[in-house]
Amino acid sequence: MRVVAVRHARAGSRGSMLLTPRNRTPGRLRVAPLLASAVSVCLVSASAPAAPLGVGDRLFPYLGNPGYDVASYDLSFTYPGTNSKPFQAVTTINAWTTTSLERVNLDFAHGKVHSVEVDGKPASFASAGEDVVVTPGKPLPKGSWTRITVRHTSNPVSPKGREGGWVRTADGLAMANQADAAHLVFPCNDHPSDKALYTIRITAPDGYTAVANGLPTSVARAGRATTWTYRTRHPMATELAQVSVGRSTVLRRTGPHGLPVRDVVPTKDRALLEPWLKKTPGQIAWMESKVGPYPFETYGALVAAADTGFELETQTLSLFERDLFTDPAYPKWYIESIMVHELAHQWFGNSVSPRTWSDLWLNEGHASWYEALYADEKADRPLEARMRAAYGTSDSWRAAGGPPAAPKTPQPGQKISIFRPNVYDGGALVLYALRQEIGRLAFDRLERSWVTRHRDGVATTADFVALAEEISGRDLDAFFKAWLYGEKTPPMPGHPHWKPLAPEKAAKAAPGQRHGAR
């Protein structure tokens, strides 16, 4: 995600979410494990009242649910042509149980559940916090395959005090689920550690076009409505799901190696946006030259006429505000670098997803790194100058948001406040320091190996540390401990003269200020 709430002030001055989680050998730096095994014991007591559960994420303790591993989602939405009221939806979850379950907790809020079936038979259900607790007719044994079908509403009107989920556009809807909002749209296991395949069906009245992640498999017309079906070929985190309905046009082109590229734009803006969108194949080729083959079946931009304050890396179809491309305040180089930021996320954050939300820097730091590198190579916006500016303000970022790999917990009512400069340019600064420390050749090998080894999986900061040590042949424990977890920014390798700025000067310089909360 690229937050742009204060982009106007900065754009002219500088370059600026698995079927089974993979367990890799950790490095010496260990992150706190998720607490699924501890929490799951709560699921086996039928006498206890229904209660919300979670997988124990440090930043979002009630996100996700223990006891099962989702293999696939089948989502069906019936859009009525208005954003003023809830509409009908059906969510089917196919999952393996990882422990014996008398109840199954699903993350779901801001919608009404009509009925639930487990393996084709009616099941009782109750709300608990932001969970729906499902009680099947008989317990589900450990290691069993189960199908849960929930008939429910999905509400496009945002709940009071919450952001994310459905985004209302000028002509329809789009999704923005990062970090904790997919369960405002559909029942799910709403944590990036549990990735799954998706089939998504959208029925909408004549005159609308519906798109979703993955590739289209069918278009069926009945009466005055059309149903579009899409499927993903790679597992996806709930936070990366995308559904758009609008008076849109789908533009198609070909990317590297015959990759199908599709962009979705407001029909009236087709000609206006084409000069920007035609750059995408070249940007994909550039990213492939840095880290290897594009990891998914398709890519493209979804341009929405909405005021979101951010761009978002929804898998295979990144979400962009229309104003990014049409506001003359944004220089050409800046717009292109933001496009590359979201594209880079397809490797870093989407194909390789964070095991916990504390690993967010691996997503945003890498996306910011390639954003900056692209601006350096294509627009003469020097990488070193950007990193030096980031170094000057890094101590202030750490004080406000925590170290890059240990971000402060979200503020009450502001769960997206984890998306702060400490994980954006602060994360990119860690990568720059690492390249200085181990050399460019080892760093480039690390980047390619990272996205290859963990493709379609989830990974942790400890995994990254271990791989960096493996490839460099060096003990990097002290380096990473200081750079990722220190309250103060360590000396920059190769640049002993770089100094942190005083807080008042850092506030004025703030090269990553536009990454502040939405």
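Predicted, not measured: the structure shown is a model, and the values here were computed from it.
Between the side chains of Glu311 and His341, no donor-acceptor pair of N or O atoms lies under 3.5 Å. Side-chain contact, Thr489 with Asp395: a donor N or O sits under 3.5 Å from an acceptor N or O. Side-chain contact of Asp107 with His183: a donor-acceptor pair under 3.5 Å is absent, judged by distance alone. Between the side chains of Asp57 and His191, at least one donor N or O lies within less than 3.5 Å of an accepting N or O. Side-chain contact check for Ser72 and Asn94: at least one donor-acceptor pair (N or O, by modelled atom type) lies under 3.5 Å.
A 4.5 Å side-chain heavy-atom check between Pro404 and Arg398 finds at least one atom pair inside the cut-off. Using a 4.5 Å heavy-atom threshold, the side chains of Asn177 and Thr238 count as separate. In this structure, Lys332 and Trp276 have side chains that are in contact, with non-hydrogen atoms separated by less than 4.5 Å. A 4.5 Å side-chain heavy-atom check between Glu377 and Trp286 finds at least one atom pair inside the cut-off. Side-chain contact between Val303 and Asp263 is absent, with no heavy-atom pair separated by less than 4.5 Å. Contact of the Leu59 side chain with the Pro407 side chain is registered, since non-hydrogen atoms from C-beta on lie closer than 4.5 Å. Residues Asn65 and Val55 have side chains not in contact (no heavy-atom distance under 4.5 Å, counting atoms from C-beta outward). Arg420 has its side chain out of reach of Glu364: every pair of non-hydrogen atoms, C-beta onward, lies at least 4.5 Å apart.
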Just list the side-chain donor-acceptor pairs under 3.5 Å for residues 433-442, sequence neighbours left out, or say none.
| from | atom 1 | to | atom 2 | distance (Å) |
| --- | --- | --- | --- | --- |
| Gln436 | NE2 | Pro493 | O | 2.9 |
| Glu437 | OE2 | Arg474 | NH2 | 2.6 |

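Applying the side-chain contact (heavy atoms from CB on, under 4.5 Å) test to Glu470 and every residue at least two apart in sequence or in another chain returns Arg453, Leu467. Residues satisfying the side-chain contact (heavy atoms from CB on, under 4.5 Å) test with Pro256, not counting sequence neighbours, are Ile284, Ala285, Glu288. Ala181 meets the side-chain contact (heavy atoms from CB on, under 4.5 Å) test with Leu184; sequence neighbours excluded. Contacts of Trp166 classified as side-chain hydrogen bond (donor to acceptor under 3.5 Å, both in side chains), with partners at least two apart in sequence or in another chain: Ser154. For Gln346, the side-chain hydrogen bond (donor to acceptor under 3.5 Å, both in side chains) partners two or more places apart in sequence, or in a different chain, are Ser318, Asn350.
Closest non-hydrogen pair, Lys408 versus Ile418, comes out as O-CG2, 3.9 Å. Nearest approach of Thr393 to Leu501, heavy atoms of both residues: CG2-CD1, 4.5 Å.
Note: Tyr370 and Phe348 meet the aromatic proximity criterion, with ring centroids under 6.0 Å apart. Taking the centre of each ring, Phe464 and Trp361 come in below the 6.0 Å mark.
Ion pair Lys378/Glu336 not flagged as a salt bridge, since none of the NZ, NE, NH1 or NH2 atoms sits closer than 4.0 Å to an Asp/Glu carboxylate oxygen. Ion pairing between Asp425 and Arg386 holds under the 4.0 Å rule for side-chain N and carboxylate O.
Using cut-offs of 30° and 60° on the angle between ring planes, the pair Trp369 and Tyr432 is tilted. Ring orientation note: the planes of Trp498 and His495 are close to parallel, at an angle under 30° on the 30°/60° scale.
Summarising the geometry, atom OH belonging to Tyr334 is positioned 7.0 Å from atom CG belonging to Leu324; distances are rounded to the nearest 0.5 Å.
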